[in-house]
Structures are given as structure tokens and as C-alpha cells.
Amino acid sequence: MTSKSPPSLHYHCQYGMVWPFGWGGCHSTTWPRLLWMLCVGMSPGSWASHQHFHPHSIKIPGDITLGGLFPIHARGPHGLPCGEIKKEKGIHRMEAMLYALDQINSDPELLPNITLGARILDTCSRDTYALEQSLTFVQALIQKDTSDIRCSNGEPPIIRKPERVIGVIGASASSVSIMVANVLRLFEIPQISYASTAPELSDNNRYDFFSRVVPPDSYQAQAMVDIVKAMGWNYVSTLASEGSYGESGVDSFQQISREAGGLCIAQSLKIPREPKPGEFDKIIKRLMETSNARGVIIFANEDDIKRVLEAAKRANLTGHFLFVGSDSWGAKSSPILDQEDVAEGAVTILPKRASIEGFDQYFTSRSLENNRRNIWFAEFWEDDFRCKLTRPGIKIDSEKKKCTGEERINRDTAYEQEGKVQFVIDAVYAMAHALHSMHLDLCPGAMGVCDKMDPVEGRLLLNYIRSVNFNGSAGTGVLFNENGDAPGRYDIFQYQMSNTTIPGYRVIGQWTNNLRLNMEEMQWSGGDRQIPDSVCSFPCNPGERKKMVKGVPCCWHCELCDGYQYQLDEMNCETCPFNMRPTPNRTSCRSTPIIKLEWHSPWAIIPVFLAILGILATSFVVITFIRFNDTPIVRASGRELSYVLLTGIFLIYLITFLMIAEPGAVVCAFRRLLLGLGMAITYSAMLTKTNRIYRIFEQGKKSVSPPKFISPTSQLAITFILMSVQLLGVFVWFAVIPPHTIIDYEEQRPPNPEMARGVLKCDMSDLSLICCLSYSIVLMVTCTVYAVKSRGVPETFNEAKPIGFTMYTTCIVWLAFVPIFFGTAQSTEKMFIQTTTLTVSMSLSASVSLGMLYIPKVYVIIFHPEQNVQKRKRSFKAVVQAATMSTRLSQKSNDKQNGETQNKIEPDRTQ
């Protein structure tokens, strides 16, 4: 034969390869490097050299062959595809597939008379390397033209037909599954993963032949969002390893948190595939830029998790960060080894699983003698027992002990079943159940594989896979939705060190479409059972509203509802109604207290004291005048007008009590009536007196006949006419606006609402009060004018000068009243100050009138009765003449004095 090697799979396009799905040529832009090599790269002669590159694989013979992809080795260092062996994720999981095949092949009920075989490959934890190996699964599906290949005798070569893989179990990493799924779908080979959880694999349009027995990270992300919200956190950071698993997991978490609302991402950081020295320290430093976001959602591989914890410890941040880890952390001890204090309190999530007892018995009984089908088992043996096997021609390092072969797993080394073993077994059983159902439908009653299942049609098998529903190895249901995803069932763990005899992971809840979390079982750094905070802003106190930070819905500033505002809701403050004020915590409004001027108030005591003294003094004067009614002094003072004037003074004193009394309709009516009436009576009588005196002496200058209307009766009539004007105005006021009370809430409404009061008072504004007193003020001013005009009347004539002094003093009192009254209009004590000022001013003006007009008379009447005698009665003419002469003499005396003064200062002009 011209060639002993089987024909290469890497044909040039000129060989006329028949591609499935009507490929029309080679498209390098849509395929990774190796598929491009399928089109244009290798010639038949290069096959032999490629064989040296092809890795070892496990071949289990059977009627139907399943493919298997497992990370037997870690990613190799630069330039090498594979690194050290992975005991748990690699060997445990791969042995789980072999165990499942043994169980199925020995089960008479499942696929009877049909043996399942396998071709198992190592992905070396690298997506590109796994893609190259996965081409082994599609060899039998590529139709090849070998017509130009001949043996040396001219006969066509005998080419062994490649085994046909009808389905693949794997891969482990999401990035590997994504790469492999792109190839397998082109050849319609169904794939069931036992560990790939990237959400993008749920896209049934791109990965239609992909299924998985583990829930996607979108479920995991939903569970993590529910956990974060259950703990009351609303501000967290995310940390992801670069790659499809980490990045898609974080993307799902962010998307779900946005849709759910109430959760904000402070920072979203990525760990590079090949981190530089100091990279993790930089990550911790960046996380501390938003130190309030203590919660860190981490989708990362074990190595990255460990390095993050180490960096946090170096930064003295033990206990600060509160990690919520994905299933890549789960309940593993390797990521937290020697970093337990930093990891304390970490909440992790893991698909609900159970330890399979049968697998433990199977695996711990494996030895070098009974497990020769696992070509990597010897390497595992050396690594697990830290010894070296002897090989022909290879010297053993003297520092390493020699393997005896008598070592036993779980006796000479620690053993713990890897977490995904259950899912590997379930994935193999899912494929077996699908084949079983397919066999029952296509080959009823047939023993073994019938023609309809040779070959197995991939798309039909996919339909049967999606329809399986059975109890898996852990007793939980195994089924798939329309996207090939398994239902989400998770256990929630927390790593605890305090208050427990053995530090470790403790189950604190479950998630199956909804969260069940046992908060009482949770504890944090130092054994604290209070859930730490991870919030951007703490809740506002009662009476404070939130002012949101633009662009960050979980961050806000708290602003106190100030003034008379209360907290309407968490975002808004509202002003209380005018008759209410906010409660001390400003969460609602309460009625404003009502006050009035109390009798015991200092503002009332002084006016009442003055009024009582004034009333007593007035009463004493009235009693004295009545007692000595017919004496000359009483008669000379004009008894009739004196009694009227004293009545007015008495009413002025009396108004003080009405101004302080509790406002009511009757009190308010009397306030209106008496406030101006007392002064109107007083100053009407005074005006009548001063006008009478002025007219008498003015008339005396012209004639000896007396002026009209100077008799007592006329004087009384004039006084009552002047008084009636005030009464008429008051009654008109009564008719237009009936007296009533009001509560003034504006008068005592200071900036501090605790000091706010409603003032109960009569409906008398400052303007109406001034209008009420305005007539009395007019009488006062007019009386003062007449007093000024009558200032030249001799002292011996009547009361002109005492009245003058009275009016001058009264004007001074009221001039002082005006600025005090109106100057306190903005004061919170306005009502008290104005009431006191008004009553005191009125009492003072009444006291001035009483003291200057009547106290001297009473003094003479009581203490000098000898002066209270009748003098010679003179006629009006004599009185006028005497007054006129007195005036003239006074004027001459003044002129003479002025002349002498002028002569003294005038120079001698004759010289």
C-alpha cells in the first residue's frame, strides 16, 4: 500500500469533501483556527505528524458510543496545552461517567441488550484545546473521497470506519462548552453538560443541541439577588473572572437586579485571565473606593477567589467585605484555605446535590489493578499518594517514595466526593433514558439496536432528551425546559467559624424558584448575629425626606422637613394646614395650641393693678364730690360736667378688664363699645370746658354780654352730642360686622413650630382699633388746641391751665403709645405687648386727667376745708373786666421789660 495510515481528516477543499447542511465552501471568518485547517490546512501526508499531537483518550466499547469531555488536567503553562492533574474536577467527574455507564449496562430495565460505550477526552481546562479534541467526535460524520488512494498492488485501501459518537457528556467550564457546542450543533450531536452554567448557553437559537442537568447562572443570579435583598442590602459590588462563566454570571445578576429594582451596583470589576503582580491588591483598593458597598458578589474560579481573600487580608480588611459566592465557590475548602478569617460570614450557593453512596464505594475500591481502563489513573495515583510509579527505563527520584500499589483511597489519603459527581451521573442517565425511549418507539420488541437507530439521528435524539423526566441519582427530578436548562434548585451555605465546634460551611437555606433563608442561623465576623449593612445610604430618620443622588437610585441624602412641613412620604415634605403644626418627629400634623391673655400673666398683672388703683381713686373722688357736692370748690368745678368726666375716666379704667377677659361675643361687643366711649366721654367734657372758657374770654374782649350756651344744661347737651358721634359709629360697626371671636394662627407662628400658638381674640384688627380710638384722638387734639389758646387766662379763673397741662401730658403719653404699639407688629408676643401698651396708656391718660383736675380739689376739700368757702360773688362783667385788666397789665409789664432790655443794648446814636 502506498499509505498505511488512515486517511487524514484534514482534507484540502479540492478533495471534494461533502459537508453537511449544504456548506458551499470554506469560511474562515466564522470558524476557529482548527476548522479552518479542516478546509485548507492539512494534506493527507500530515496525518502522521498530527497523531503525535493527538492526546490519549479512554475508549469503552459498546453498541452505542457516548463522548465525554472532562478537565483531567489544568491549563498548562506557556507553550504547553496541559498542566497538572485535577483530582476532583477531573478524575472524580470522569470516574462518575464510567460508574454511570457500569450501572446502566448492568441494569436489565434500562436499555436492555444494548451496551453503552464511551470515548472520553481531556479538555485540559482550555477552550481552544478542547475544540481540537472534539473533532474526534465528528470524524464518522465527515464523508471522505478516498478514490485517489491506492495500495501498492493497486487495490483500494481498507479503512477502518471511525466510531460514531451519538451524544457528548460535557464539558465542565462554560467557555469550553460554548466552543464545543458550536461544532457539535453543525453535526447535530446532542450535548449534555454537568457543570456549565453560563446564561448564554440558554440561547436555543445558537446552542440548540446543548442541554444541561445543572441550572443556568441566570437562576443562580436570581437566587443571589434574592439573598442580597433578603439581607436588606441595596448597594453591592460585583467581581468576575474574565471569561464566559464570570462575565455572563455578573451580567445576569446585574440584569435581574435592574429588573427587580432596589439594588444598585457600586462597582463591577473583572479579574484578568492572566493577572499581573499586584492586580488583586488593586482590585481590593478599588472596592474600597465605595466602602459602603461591603457586599461583594463574586463569580470567579477557585484560584481567583483565593487571591482576592489573600489581598483583602494583606490590606487589613478582614471582616469588612461580605462575600456572596457563586457555585464555583460553593462549599469548597480550597478557595479559603489559610484565609478562613477573611472568608468568615461568606454566603455561597451551590446546586442542590447529594453525595452518591454507590459512587463512594465504587471510587474508594479503585486501584491500579482494577482500573486499567482509566489511562490517567496512574497519574492520579502518584499525585494522590505522593509517590512515584516505576516505569521501564525511567529512574525514580530518590526524594520521592515508591508507589507499592497497596495504597487505598480514603484509607491512606483523605477523600471527599466532588460536588458535581451527582450531575455527571444524571447527565449520563439522561442520555440513557432518552435512548431508551427512542428505542421503545423506533425498535419495539427488538433486541439491541435496530436499523432505525443505526445511525442514531441527532435531532430526533435531542427531542427525546428534552422529554426525559426521571428521578436522578439524588432522588430529585431530572428534566429540561424548552431551552435545555434544568430547574433551579440550590442550597445556600454560610462559612462560619464562631460559636461552632468545627468551622465550616453550614446550610442556611434553599432556593427553588423562591428563597427560604433561615436568618436565625446566620452569623458574621466574631459571631455577631446582626446582619451587617451594605447600603449606599442609611434610611432617613422620621421627618426626613430622601433627596436622590442623580444616576444612583440607591443613594440619597436625607433632608429634614423644616419649618411647618411634615413628611408626606419618603420622598416629599408637605406644609401642615394653617391651623396645625408638625409633630416633634415631623411624621404628621397636630393641632396648634390655642392661647389667650391670662389674668396671671405678667402682661396682665401691671395693667390690672393700675386699673384697680385708678378705679379706687376715681371712686374716692366721686364719693368726695358727692359728699361735698354743695361746697364752693365742687360747684366752681362745674359739678355736672365733672361727674360726666369722672364717668369717662372710670370707663377708661374699666376697659382694662374687658381687654384681658377671655374673648367671647359679649366681651367683644363691650370692647368695641367701651374702648372709645370712655375716652370720648372724657375728652368731650374737657373740650366743652375749654371751649366754654375760651369763648367767655374771647367774648369779653368784644362785649360785656356773656356768650351763648355756657349754662350747665347747654354744656351737658354739647357733651352728649359729641359723645353720640362715637356711639353712632360703634352701632354702625355692630350692624356691619357683628362682634365675634377669631383664632389668629399667624400672629404667633415663629420659625420654630414648637413655639407656634393660635391666639384667641376678638375680631378687632389694628386698623379697626385705631379707627375706634380716632374720634377720641380728634377730641383730644381739639381740646389741646383750645387749651393752648386759653393759656393766657389767669390762674384764678376756672380750670383752663390744669386742663392745658392735662392735655399736654396726655398727648405725650399717646405719642409714646404709637411707636410701641405698631413697632411690635412682627413680634411673637404681639397681642400681649399691644394689649398691655394700650391698657397702660389709657390708664395713664385717665390718671393724668384725674390727678391734674381733681386730686388738688379733693386735697383742699379734705385737708384745707378753710379754703373751701364762698367768696364775694362778682358779675360776669366784673369778672371779664378783671381778667382783661390782668391781661393788659401782663402785656405792659412784658413790653416794659422788652424796652428796657432794648435800651440797654442799643448804642448811643447822638454822639
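Taking the charged nitrogens against the carboxylate oxygens, Lys89 and Glu302 do have a contact shorter than 4.0 Å, which makes a salt bridge.
Each of Glu418, Gln417, Glu416 was compared with Ser355 under the side-chain hydrogen bond (donor to acceptor under 3.5 Å, both in side chains) criterion, and only Gln417 meets it. Paired with Gln191 under the rule side-chain contact (heavy atoms from CB on, under 4.5 Å), one option of Val183, Leu184, Ile465 passes, and it is Leu184. Just one of Ile297, Ile298, Asp304 meets the side-chain contact (heavy atoms from CB on, under 4.5 Å) condition when paired with Leu239; it is Ile298.
Take Phe70 and apply the ring-ring contact (aromatic ring centres under 6.0 Å, His included) test, not counting sequence neighbours, and it matches Tyr194. For Gln254, the side chain to side chain donor-acceptor pair (under 3.5 Å) partners are Ser268, not counting sequence neighbours. Listed by chain and number, the residues in a side chain to side chain donor-acceptor pair (under 3.5 Å) with Ser196 are Ser177, Ser193 (sequence neighbours excluded). Tyr464 is linked by a side chain to side chain donor-acceptor pair (under 3.5 Å) to Asp441, counting only residues two or more places apart in sequence or in another chain. For Phe363, the ring-ring contact (aromatic ring centres under 6.0 Å, His included) partners two or more places apart in sequence, or in a different chain, are His92, Phe359, Phe380, Tyr415. Every residue two or more places apart in sequence or in another chain was checked for a ring-ring contact (aromatic ring centres under 6.0 Å, His included) with Tyr219, and none qualifies. For Glu95, the side chain to side chain donor-acceptor pair (under 3.5 Å) criterion is met by Tyr362, Asn371, Asn374, not counting sequence neighbours.
By the SG-distance test at 2.5 Å, no disulfide connects Cys536 to Cys554.
At a cut-off of 3.5 Å, with distance as the only test, a side-chain donor of Arg93 or Ser172 sits close to an acceptor on the other residue. Defined by atom type and a distance below 3.5 Å, a donor-acceptor pair is missing between the side-chain atoms of Asn483 and Ser202.
Sorted by first and then second residue, the ring pair (Phe, Tyr, Trp, His ring centres under 6.0 Å) pairs with a member in residues 424-458 read His433-Phe470; sequence neighbours excluded. Judged as a salt bridge (charged side-chain N to carboxylate O under 4.0 Å, His left out), not a single pair has a partner in residues 250-265 (not counting sequence neighbours). For residues 56-75, the set of pairs meeting the salt bridge (charged side-chain N to carboxylate O under 4.0 Å, His left out) definition, not counting sequence neighbours, comprises Lys59-Glu163. Sorted by first and then second residue, the salt bridge (charged side-chain N to carboxylate O under 4.0 Å, His left out) pairs involving residues 97-116 (not counting sequence neighbours) are Asp102-Arg373. Residue pairs meeting the salt bridge (charged side-chain N to carboxylate O under 4.0 Å, His left out) criterion with at least one member in residues 190-209, sequence neighbours excluded: Arg185-Asp208, Asp208-Arg459.
A 4.5 Å side-chain heavy-atom check between Pro81 and Thr128 finds every atom pair outside the cut-off. Between Phe480 and Arg466, some side-chain heavy-atom pair lies under the 4.5 Å cut-off. Residues Val308 and Val296 have side chains not in contact (no heavy-atom distance under 4.5 Å, counting atoms from C-beta outward). Considering only heavy atoms from C-beta on, Leu121 stays 4.5 Å or farther from Ser134 through its side chain.
Judged by distance alone, the side chain of Asp122 and the main-chain N or O of Ile72 form a donor-acceptor pair under 3.5 Å.
Relative orientation of the Trp329 and Phe323 rings is tilted, given thresholds of 30° and 60° on the angle between their planes.
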